[in-house]
Each structure stands twice: as C-alpha cells, then as structure tokens.
Trainee: 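Could you have a look at this structure, given as structure tokens, before my questions?
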Amino acid sequence: MSARPPLSEVTADLRAEQDALDAVVAGLTDIQWRLATPSLGWSVADQIGHLTYFDGTAVLAITDPDAFRASVKELRDAGDHADDLMLQRQLAPTELLAAWRTNRCRLGQAADKLEDGTRVAWYGPPMGARSFLTARLMECWAHGQDVVDAVGAARPATDRLRHIAQLGVITRGWSYMNRGLEPPAGGVRVELTAPSGAVWRFGDGQDDHDASVVTGPAEDFCLVVTQRRHVDDTALEVTGALARDWLEKAQAFAGPPTDGPRPGTRA
C-alpha cells in the first residue's frame with residue numbers, strides 16, 4: 001500500500017465523497033439543520049458551513065494565492081466573529097446548501113488543473129497537490145460523520161477511506177510534534193480491512209516483527225485518526241504501547257492539538 005494514487009483519482013474520490021454527504025443533507029428539514037452535532041457548539045449547518053468556507057478558500061489557494069492570503073488576513077482580523085465567517089452562519093439552510101455545491105464544484109474545476117508536485121499555499125506550510133486534495137476529502141468525510149451522527153443517517157463505508165487511512169498513518173509524527181512532543185522511536189504496523197474486503201498495509205514497522213500493530217476495519221481506524229471515535233469504542237485490535245499511545249493522540253488534521261472523544265461518548 002505504499003504506492004500513491006494518481007492525482008486524478010484523488011480528485012474523483014473527493015467529488016464522490018462530497019456527493020455522498022450531499023445525499024445525506026439534501027433532504028434535511030430546517031429543524032434537522034439546526035440539530036447539535038458531536039462537535040461542541042456546532043450544528044449540522046455549521047458543519048456544512050465549515051466545508052463551504054474552506055472549499056472556497058481552497059479554490060483561492062489554487063487559483064489566486066494573493067486572494068487566498070487576503071482571506072487568511074480577513075479571518076484573522078474577524079476576531080470574535082471568526083466563527084460566524086468560517087461557519088457561514090449568515091446563510092439559511094437552502095442558501096448554505098447552494099453555496100456549498102457551488103464552492104465544491106469550483107474546487108473540482110480548480111483541482112482538475114493541478115499538476116502532481118505543485119505546492120499549494122494553505123494555513124500552515126504549503127502542501128503538495130495530492131496531500132492538499134486528500135486533506136479536503138478527509139475534512140468532508142470527517143465533518144460528514146458529525147452530520148451523520150447528529151441526524152442518524154446511514155452512509156456506507158467505501159474504499160475511498162484508503163486516502164484517509166494513509167493520511168492517518170503519515171501524520172503519526174505530526175500528532176506528537178503538534179503537542180510539543182518528540183515522536184517516539186519505533187515502528188507501528190497498520191493492517192486494515194477495507195470495505196471491499198481488501199487488506200491495506202501501512203506503517204514504518206512493516207518489516208519489524210517487534211513493531212506495535214494496529215489491525216481491524218479501515219473505517220474504525222479513520223474514525224480514530226480524525227478524532228470521531230475513541231479507539232476503545234471500535235473493533236480495532238491494538239498491540240503494543242507505541243500503537244496505543246499513538247491512537248490516543250492521533251490527529252490527521254491541521255490546527256492546534258485537540259483530544260478526541262472520551263471512551264463511551266461516541267460509541
């Protein structure tokens with residue numbers, strides 16, 4: 001599983017993930033849009049607003065870096081009103097859904113013109129094109145999980161999770177450094193069962209028989225590294241202290257260090 005997918009595949013899977021979430025929210029009532037999600041203080045509308053805003057700034061990052069930098073300054077200068085801007089709280093549900101559809105369509109068009117190896121400006125260091133689009137896919141899936149949990153919808157797992165699983169593995173060191181900690185020495189081998197039944201193997205301990213090991217459903221692994229479930233509330237089997245410590249700190253997304261849910265709170 002070390003081979004990286006072509007950029008066009010990541011773009012296509014990003015579109016498919018967005019379509020899957022659209023199918024969940026398209027028929028929601030106004031009351032459902034206002035439902036609280038597991039993210040403290042965020043409603044269903046806030047989750048989609050977050051995706052709307054950052055899909056829009058992602059377009060700017062690809063097509064107009066100067067305008068993107070201006071949007072970063074605008075968000076920073078918003079101060080106490082930053083959440084209202086970032087979550088698009090000025091929009092009614094029908095307007096929000098239309099805005100998200102517009103921004104993600106524009107993002108897809110911009111992504112089609114990206115070349116592998118291109119660096120894209122973002123809120124932290126610039127990102128490679130593949131990592132940039134993978135991060136957008138991860139965000140859509142993870143925030144979509146909050147929506148699914150809030151409204152009690154079903155969203156079948158797909159092999160698009162491979163992108164998120166790989167991202168979760170390669171951000172193991174980041175999960176420590178983001179907390180001001182030195183990444184521990186030693187490897188962790190990850191062997192996941194995909195929704196299709198395929199087995200995905202990742203990690204820096206694949207040739208080390210003494211490495212810590214994580215095995216189980218790919219969906220559960222993705223829920224843990226995106227902090228949507230505690231590892232104890234999944235079917236993952238975790239062997240070794242290194243693996244356990246990592247999965248209790250795992251954070252596959254940028255931003256300040258955060259802790260995932262406590263055991264039993266999002267089972």
Side-chain angles (χ1 to χ4, degrees), residues 37-42 46-47 50-51 54 57-58 72 75-76 82-83 86-87 119-128 130-132 134-146 149 161 163-192 202-206 208 210-216 218-234 236-267:
T37 67
S39 296
L40 185 63
W42 283 29
D46 289 338
Q47 300 288 349
H50 177 90
L51 294 175
F54 286 106
T57 61
V72 174
L75 185 62
R76 184 173 59 245
D83 275 358
M86 183 179 67
L87 303 179
R119 304 293 292 178
V120 181
W122 201 232
Y123 295 89
M127 301 174 69
R130 182 182 286 104
S131 295
F132 184 81
T134 299
R136 296 312 309 147
L137 189 157
M138 179 272 295
E139 285 273 306
C140 180
W141 183 83
H143 288 283
Q145 185 64 48
D146 292 335
D149 287 344
L161 291 173
H163 303 292
I164 302 170
Q166 190 165 38
L167 183 64
V169 170
I170 66 176
T171 53
R172 178 186 168 215
W174 151 260
S175 298
Y176 286 90
M177 291 185 290
N178 195 35
R179 295 170 179 265
L181 302 173
E182 185 73 21
V188 177
R189 188 166 67 250
V190 179
E191 298 181 1
L192 305 174
F202 307 96
D204 52 7
Q206 293 191 50
D208 182 357
D210 295 325
S212 292
V213 181
V214 178
T215 62
E219 183 178 22
D220 285 5
F221 179 77
C222 293
L223 288 167
V224 171
V225 298
T226 59
Q227 297 187 353
R228 265 56 191 183
R229 297 289 187 276
H230 189 278
V231 62
D232 290 347
D233 295 325
T234 71
L236 293 176
E237 295 185 11
V238 182
T239 303
L242 284 179
R244 176 75 190 190
D245 187 62
W246 167 36
L247 292 188
E248 290 183 344
K249 293 179 173 67
Q251 180 174 332
F253 48 89
T258 58
D259 294 321
R262 295 186 302 277
T265 56
R266 294 185 68 175

Trainee: Under the ring pair (Phe, Tyr, Trp, His ring centres under 6.0 Å) test, which residues partner H163, sequence neighbours left out?
Mentor: none

Trainee: List the atom of L192, the atom of A165, and the distance in Å for their closest heavy-atom pair.
Mentor: CD1-CB, 3.8 Å

Trainee: Of all residues at least two apart in sequence or in a different chain, which pass the side-chain contact (heavy atoms from CB on, under 4.5 Å) check with D220?
Mentor: P217, L223, T234, A235, L236

Trainee: With heavy-atom distances below 4.5 Å as the criterion, would you say the side chains of L181 and K249 are in contact?
Mentor: yes

Trainee: For Q251, give me all partners under side-chain hydrogen bond (donor to acceptor under 3.5 Å, both in side chains), at least two apart in sequence or on another chain.
Mentor: none

Trainee: For T265, enumerate each residue passing the side-chain contact (heavy atoms from CB on, under 4.5 Å) test, keeping only those at least two apart in sequence or located in another chain.
Mentor: P261, R262

Trainee: So which heavy atom on D46 is nearest to which on G41, and how close?
Mentor: OD2-O, 3.5 Å

Trainee: For the residue pair H143 and H50, categorise the inter-ring angle as parallel (less than 30°), tilted (30 to 60°) or perpendicular (more than 60°).
Mentor: tilted

Trainee: Going by the salt bridge (charged side-chain N to carboxylate O under 4.0 Å, His left out) test, which pairs reach into residues 250-260, not counting sequence neighbours?
Mentor: R179-D259

Trainee: Could you list the residues that satisfy side-chain contact (heavy atoms from CB on, under 4.5 Å) with E191, not counting sequence neighbours?
Mentor: R189, R201, T215

Trainee: Start with the C-alpha gap between L75 and M86, add the side-chain angles, then the distance that decides, and say whether side-chain contact (heavy atoms from CB on, under 4.5 Å) holds.
Mentor: CA-CA 8 Å; L75 185 62; M86 183 179 67; 4.2 Å; yes

Trainee: Would you give the length of the straight line joining atom CG of L247 to atom CG of L242, rounded to the nearest 0.5 angstrom?
Mentor: 11.0 Å

Trainee: Quick check against the 3.5 Å criterion: does D233 have a side-chain atom that pairs as donor or acceptor with the backbone of G264?
Mentor: yes

Trainee: Between G240 and S212, which heavy-atom pair has the shortest distance, and what is it?
Mentor: CA-OG, 3.4 Å

Trainee: Between D232 and R244, is the closest basic N to carboxylate O distance under 4.0 Å?
Mentor: yes

Trainee: Taking the basic N atoms (NZ, or NE/NH1/NH2) and the acidic carboxylate oxygens, is any pair closer than 4.0 Å for R172 and D245?
Mentor: no

Trainee: Got V225 and F253 here, is their nearest side-chain heavy-atom distance under 4.5 Å?
Mentor: no

Trainee: Any chance the side chains of Q145 and T226 put a donor and an acceptor closer than 3.5 Å?
Mentor: no

Trainee: Minimum heavy-atom separation for A243 to V238, with atom names?
Mentor: CB-CG1, 3.6 Å

Trainee: Could you pull out the closest heavy-atom pair between P183 and G173, with the gap in Å?
Mentor: CG-O, 3.8 Å

Trainee: Is the shortest side-chain heavy-atom distance between R229 and D149 below 4.5 Å?
Mentor: yes

Trainee: If I take atom OG from residue S131 and atom CZ from residue R119, how far apart are they, to the nearest 0.5 angstrom?
Mentor: 7.5 Å

Trainee: Is there a side-chain contact between V188 and W246, using heavy atoms and a 4.5 Å cut-off?
Mentor: yes

Trainee: Apply side-chain contact (heavy atoms from CB on, under 4.5 Å) to the pair R228 and R266, showing each step before the final yes or no.
Mentor: CA-CA 7 Å; R228 265 56 191 183; R266 294 185 68 175; 3.9 Å; yes

Trainee: Looking at every non-hydrogen atom in both residues, tell me the closest pair between A58 and F132 and how far apart they are.
Mentor: CB-CZ, 3.6 Å

Trainee: Test F221 against every option in L161, V169, I164 by the side chain to side chain contact (heavy atoms under 4.5 Å, CB included) rule and name the one that passes.
Mentor: V169

Trainee: Checking the side chain of Q47 only, and the main-chain atoms of G144 only, is there a donor and an acceptor separated by less than 3.5 Å?
Mentor: no

